[in-house]
Amino acid sequence: MSAKITQSIPGVNALLDCVMARGPVKNDAALSRMLGVAPPVISKLRHGRLELGATLVINIHETTGMSIREIKALVAGNVSAAAA
(Lines give C-alpha, C1' and ligand atoms only; values in the text may rest on other atoms or scores of the structure.)
Protein backbone atom coordinates (compact mmCIF):
# COMPACT_ATOMS: atom_id res chain seq x y z
CA MET A 1 0.00 0.00 0.00
CA SER A 2 1.48 3.32 -1.05
CA ALA A 3 0.98 6.44 1.05
CA LYS A 4 2.45 8.70 -1.63
CA ILE A 5 0.51 11.88 -2.31
CA THR A 6 0.16 12.96 -5.93
CA GLN A 7 1.58 16.48 -5.91
CA SER A 8 1.29 19.46 -8.17
CA ILE A 9 3.29 22.65 -7.75
CA PRO A 10 0.10 24.78 -7.73
CA GLY A 11 -1.34 22.37 -5.16
CA VAL A 12 1.66 22.64 -2.85
CA ASN A 13 1.57 26.43 -3.22
CA ALA A 14 -2.16 26.42 -2.39
CA LEU A 15 -1.44 24.35 0.72
CA LEU A 16 1.35 26.66 1.86
CA ASP A 17 -0.82 29.72 1.22
CA CYS A 18 -3.65 28.14 3.21
CA VAL A 19 -1.29 27.38 6.10
CA MET A 20 -0.06 30.98 5.97
CA ALA A 21 -3.63 32.28 6.14
CA ARG A 22 -4.44 30.06 9.12
CA GLY A 23 -1.19 31.05 10.85
CA PRO A 24 -1.59 33.97 10.34
CA VAL A 25 1.86 34.67 8.99
CA LYS A 26 2.84 37.22 6.36
CA ASN A 27 5.66 35.56 4.43
CA ASP A 28 7.53 32.33 3.77
CA ALA A 29 10.21 33.12 6.36
CA ALA A 30 7.57 33.35 9.09
CA LEU A 31 5.91 30.22 7.71
CA SER A 32 9.18 28.29 7.97
CA ARG A 33 9.55 29.39 11.61
CA MET A 34 5.96 28.38 12.35
CA LEU A 35 6.50 24.91 10.86
CA GLY A 36 10.00 24.49 12.29
CA VAL A 37 11.80 24.07 8.97
CA ALA A 38 14.60 26.02 7.31
CA PRO A 39 13.48 28.79 4.91
CA PRO A 40 15.01 27.03 1.87
CA VAL A 41 12.63 24.10 2.46
CA ILE A 42 9.62 26.33 1.78
CA SER A 43 11.29 27.75 -1.34
CA LYS A 44 12.14 24.29 -2.65
CA LEU A 45 8.57 23.11 -2.04
CA ARG A 46 7.15 26.12 -3.87
CA HIS A 47 9.42 25.55 -6.89
CA GLY A 48 8.90 21.79 -7.10
CA ARG A 49 12.48 20.88 -6.17
CA LEU A 50 11.39 19.09 -2.99
CA GLU A 51 8.44 16.81 -2.39
CA LEU A 52 6.19 17.32 0.60
CA GLY A 53 7.13 14.65 3.12
CA ALA A 54 5.03 12.87 5.70
CA THR A 55 6.77 14.62 8.58
CA LEU A 56 5.85 18.05 7.24
CA VAL A 57 2.27 16.91 6.51
CA ILE A 58 1.92 15.80 10.14
CA ASN A 59 3.52 19.03 11.34
CA ILE A 60 1.04 21.08 9.26
CA HIS A 61 -1.81 18.99 10.69
CA GLU A 62 -0.64 19.54 14.27
CA THR A 63 0.11 23.24 13.80
CA THR A 64 -3.04 24.27 11.95
CA GLY A 65 -5.59 21.61 12.81
CA MET A 66 -6.16 20.88 9.12
CA SER A 67 -7.22 17.31 8.47
CA ILE A 68 -4.82 15.03 6.62
CA ARG A 69 -7.56 14.54 4.01
CA GLU A 70 -7.76 18.32 3.45
CA ILE A 71 -3.97 18.59 3.17
CA LYS A 72 -3.85 15.73 0.63
CA ALA A 73 -6.68 17.28 -1.40
CA LEU A 74 -4.94 20.66 -1.58
CA VAL A 75 -1.61 19.12 -2.58
CA ALA A 76 -3.30 17.09 -5.30
CA GLY A 77 -4.83 20.31 -6.64
CA ASN A 78 -8.38 19.40 -5.65
CA VAL A 79 -9.42 22.66 -4.00
CA SER A 80 -13.15 21.82 -4.03
CA ALA A 81 -12.57 18.62 -2.02
CA ALA A 82 -10.38 20.50 0.43
CA ALA A 83 -13.10 23.06 1.09
CA ALA A 84 -15.69 20.35 1.85
Side chain to side chain donor-acceptor pair (under 3.5 Å) contacts in which one or both residues fall within residues 16-27, not counting sequence neighbours: Asp17-Arg46, Arg22-Glu70
Between Ser32 (side chain) and Ala29 (backbone), is there a donor-acceptor pair under 3.5 Å? yes
Do Leu74 and Met66 make a side-chain contact, defined as non-hydrogen atoms from C-beta onward lying under 4.5 Å apart? yes
Leu45 reachable from Ile68 in the ILVMFWY side-chain graph, under 4.5 Å edges: yes
Do the non-hydrogen side-chain atoms of Thr63 and Val19 ever get within less than 4.5 Å of each other? no
Could you grab the distance from atom CG of Asn13 to atom NE2 of His47, nearest 0.5 Å is fine? 8.0 Å
Going through the distances and angles, do Met34 and Thr64 end up as a side chain to side chain contact (heavy atoms under 4.5 Å, CB included)? CA-CA 10 Å; Met34 183 178 102; Thr64 65; 4.3 Å; yes
Hey, could you give me the CD1/CG distance between Ile71 and Leu52, rounded to the nearest 0.5 Å? 8.0 Å
Taking Val57's backbone N and O only, do any of them form a donor-acceptor pair with His61's side chain (distance below 3.5 Å, no angle check)? no
How far does CE of Met20 sit from CG of Leu35, to the nearest 0.5 angstrom? 10.5 Å
Taking the side chain as every heavy atom from C-beta outward, state whether Arg49 and Ser43 have any pair of such atoms under 4.5 Å apart. yes
Just by distance, do the side chain of Asp28 and the backbone of Ile42 share a donor-acceptor pair under 3.5 Å? no
